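Worksheet: one structure, shown below.
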Number of protein chains: 2
Amino acid sequence: MSVLLNPLDLPVNQDKILQSLIAENLVSDPDSARGRLLREAARLFRDKGYERTTVRDLAAAVGIQSGSLFHHFRTKEEILKAVMVETIRLNTAVMQAAMEAADSSRDKLRALVSAELESINGQTGEAMAVLVFEWRSLSEASQAEVLKLRDIYEALWLDVLSALKDEGALIADPFVVRRMLTGALSWTVTWYRPERGGLTREGLTDQVVAMLGLSQP
Amino acid sequence: MSVLLNPLDLPVNQDKILQSLIAENLVSDPDSARGRLLREAARLFRDKGYERTTVRDLAAAVGIQSGSLFHHFRTKEEILKAVMVETIRLNTAVMQAAMEAADSSRDKLRALVSAELESINGQTGEAMAVLVFEWRSLSEASQAEVLKLRDIYEALWLDVLSALKDEGALIADPFVVRRMLTGALSWTVTWYRPERGGLTREGLTDQVVAMLGLSQP
DNA sequence: CAATACCAAGCAAGCGCTTGGTTTGTAAAC
DNA sequence: GTTTACAAACCAAGCGCTTGCTTGGTATTG
């Protein structure tokens, strides 16, 4: 319950996780040249789509010439892959921590929903949207690579949902529920605007958890 | 209840609706040159994405030269728009009929969920996937046009969900629920494979309705 | 002084779309 | 029942432009 004392409803320090991932060279420092490019790339890819974003757009966004991009990345697709890979790495770590901080399965699920909503609608939102909508722009080889990382991420969800099923709190199939949740939560990028007031992220989390019939213990 | 006697769980004759829409020139005859092209275009756009599909691909799919396409459509984008517009027209009509065939609000919602799952995973599935994933490839002007048609479609859902809310059967906000449902149902295109056995469309509909806590009257 | 980061210029390929001309379908005119 | 007329459907060729990426060279940095 102590985790809920955090005003942002974040049970873990996202920044500390980021720092350790940077130290392990698993994600780029947002202040580095590479990190800035990936952030701008995520924004452009989300706004215009991968195909409509040219290497000249990407270069201009960080103030260099288009040819200079290829000093940092071998191909344009490698940029897309890097955006996806680093985003999954970060969010997997954040979710793992959020989940471990919770005690009951019910609280763990709530933490996962809240964290996923944060990742979709917060800082990493642009990259998450890219992950959802630009999947087909990856080569099959890259898709396979990224898929491996996603499996780790998805296993977190399935563990918790399966536990809830075993405890009798969930009637439906965990796989089906997770997939419905994936769609429902991903789709929030297209309509949910917390900055415009109205529904807070915590309120949205409540609605999702309630929709699953898990609000009352 | 009589509607459920239909083995396909379709409360209305989809083919008759299609015929009347063709007669009104609101959708193209699938056997016409235009109709065939739009079907192939939907398939290609879904499989490779709009940008990666060239006019040469489109032409080859129906066995003509690329230049000949522009006898039927002024631009490539017009093809994308036509796919979307005709799909929305057909599905709006099907859903309206499915809804009107049901009596209670609960049954109406079930009919809508079932019909949307059918439109996403059945004959019009390719075009529905295009509608979801290729939205940004439309020019803003075209987006506005298509949005008007979508609003009609969405009004159907909101009417039913609002009625359920008024009846006390639904606790959450109708707008939020509809949006969650949009995401959850759209996302089924990425994983739901009814032909591989397992979950039937009716079974999936049950799970969705149950997830909303509306299974028991 | 070496490695890293960048620029200026441009190439080859592929893109949407245009052009001018030919075939095909249809139906009235003789 | 053949001829004439004409539009719709299509082909062959290719134009102009943009694309991802390369190349050879120049700053910058530790």
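In what follows, chains carry the letters A, B, and so on, assigned in the order in which the sequence lines appear, proteins first and then strands, with residues in each chain numbered from 1. The structure displayed is predicted, hence computed values, not measured ones.
- The base of D/dG20 is paired with the side chain of A/R56 by a donor and an acceptor separated by under 3.5 Å.
- Proximity of a side-chain donor or acceptor of A/Q143 to a complementary backbone N or O of A/W135 within less than 3.5 Å is detected.
- Considering only the side chain of A/V55, D/dG20 comes nearest among C/dC6, D/dC10, D/dG20.
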request  = Apply side-chain hydrogen bond (donor to acceptor under 3.5 Å, both in side chains) to the pair B/R110 and B/S114, showing each step before the final yes or no.
outcome  = CA-CA 6 Å; B/R110 200 186 191 285; B/S114 178; 5.3 Å; no
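- Distances shown here put every side-chain N or O of B/Q65 at or beyond 4.0 Å from the OP1 or OP2 atom of D/dC10.
- B/L58 has its CG atom 8 Å from the P atom of C/dG16, to the nearest Å.
- Taking atom CD on B/E51 and atom C1' on D/dT19, their separation rounds to 12 Å, with Å as the unit.
- Among the nucleotides D/dG20, D/dC10, C/dT18, the one closest to any side-chain atom of A/F70 is D/dG20.
- OP1 or OP2 of D/dC11 lies within a sub-4.0 Å distance of a side-chain N or O belonging to B/S68.
- For A/H71, a side-chain nitrogen or oxygen approaches OP1 or OP2 of C/dA5 to under 4.0 Å.
- Looking at heavy-atom distances under 4.0 Å, B/T75 makes contact with sugar-phosphate atoms alone, never a base.
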task = Go through A/T205 and A/R201 one step at a time and tell me if the side-chain hydrogen bond (donor to acceptor under 3.5 Å, both in side chains) criterion holds.
result = CA-CA 6 Å; A/T205 304; A/R201 205 185 69 246; 5.1 Å; no
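- Whole-Å rounding puts the B/R52 CZ to D/dG20 P distance at 11 Å.
- What separates CG of B/D57 from P of C/dC15 is a distance of 7 Å, to the nearest Å.
- Rounded to whole angstrom, the span from the CZ atom of A/F73 across to the P atom of D/dC21 amounts to 13 Å.
- Taking atom NZ on A/K48 and atom P on D/dT18, their separation rounds to 13 Å, with Å as the unit.
- For A/H72, counting side-chain heavy atoms from C-beta on, the closest listed nucleotide (C/dG16, C/dA5, D/dC10) is C/dA5.
- Taking the ring axis of A/Y50 as reference, the NZ or CZ atom of A/K76 stays within 45° of it and closer than 6.0 Å to the ring centre.
- In this structure, B/K76 places its NZ atom 15 Å from P of C/dG14, rounding to the nearest Å.
- Map A/S66 and B/G67 each onto its nearest nucleotide of DNA chain C; the residue landing nearer the 5' end is A/S66.
- If you take CZ of A/R34 and P of C/dC6, they are 14 Å apart, rounded to a whole angstrom.
- Across all strands shown, A/T54 has heavy atoms under 4.0 Å from sugar-phosphate atoms exclusively, and none from any base.
- Remark: A/I152 CD1 to A/L147 CG distance equals 11.0 Å, nearest 0.5 Å.
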